[in-house]
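This one's a predicted model, so the numbers in the text were calculated from it and none came from an experiment. Starting from 1, each residue takes its place in the sequence as its number.
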Amino acid sequence: MPDDSLGDKLGRQVKNIKGGLRDVAHAFTDADPERRTDAMAGRVTGERSRTSRARERMSKDELYAEAKRLGIKGRSKMTKEELLRAVRRA
C-alpha cells in the first residue's frame, strides 16, 4: 500500500466533509416546505435583530465593537453619533 502524503489525506477529508455538508443542506431544504431567503435566515439567526432603538441605547464602546464587526473604516476617530449613523448605514 503506497504511503499517502498528508496533503492527499487532508484533501480527501475536506472533500468528504464538503460532500456531507451538501447532503445535510439538501436534506433540510427538501424537507422544508417554505424556502428561506438570506434575509429570512438572518432574522432567524438574530444577525439583524438589533433595532435602531436598541442601537441608540448602546454605549460608544458597544457601537465601536459593532462598527468593527461590520468593518467600518475610520471608526476610531468617530463620535458616538457618527458611529451610530455609520452602523445604521452598514
Side-chain angles (χ1 to χ4, degrees):
M1 181 163 136
D3 290 341
D4 287 335
S5 72
L6 182 60
D8 292 339
K9 268 187 178 175
L10 289 174
R12 281 195 310 276
Q13 288 175 345
V14 167
K15 188 176 179 181
N16 288 337
I17 290 170
K18 284 182 179 178
L21 291 175
R22 198 173 306 114
D23 294 341
V24 169
H26 286 299
F28 277 116
T29 54
D30 291 343
D32 189 7
E34 183 179 318
R35 297 288 177 179
R36 302 194 189 286
T37 63
D38 289 340
M40 290 170 73
R43 277 182 254 141
V44 169
T45 61
E47 181 181 330
R48 299 178 187 187
S49 64
R50 293 193 186 264
T51 64
S52 61
R53 286 186 188 152
R55 285 190 174 128
E56 288 173 4
R57 290 189 298 261
M58 293 171 76
S59 69
K60 182 178 179 182
D61 290 337
E62 291 170 323
L63 285 168
Y64 180 86
E66 184 77 3
K68 184 177 181 179
R69 186 183 71 80
L70 294 169
I72 297 172
K73 296 189 185 288
R75 61 187 175 269
S76 63
K77 297 177 184 171
M78 292 183 183
T79 65
K80 180 179 177 180
E81 290 75 26
E82 291 170 327
L83 283 168
L84 181 60
R85 199 174 317 124
V87 167
R88 280 183 186 155
R89 281 191 228 140

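Remark: L84 CG to R89 CZ distance equals 10.0 Å, nearest 0.5 Å. Separating the NZ atom in K80 from the CG atom in D61 is a distance of 10.0 Å, to the nearest 0.5 Å. To the nearest 0.5 Å, the span separating CZ on R85 from CZ on R55 amounts to 14.5 Å.
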All N/O donor-acceptor pairs, side-chain side in residues 70-79, below 3.5 Å, sequence neighbours left out:
| unit_1 | atom_1 | unit_2 | atom_2 | d |
| --- | --- | --- | --- | --- |
| R75 | NH1 | I72 | O | 2.7 |
| T79 | OG1 | E82 | N | 3.2 |
| T79 | OG1 | E82 | OE1 | 3.4 |

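At least one side-chain heavy atom of Q13 sits under 4.5 Å from a side-chain heavy atom of L10.
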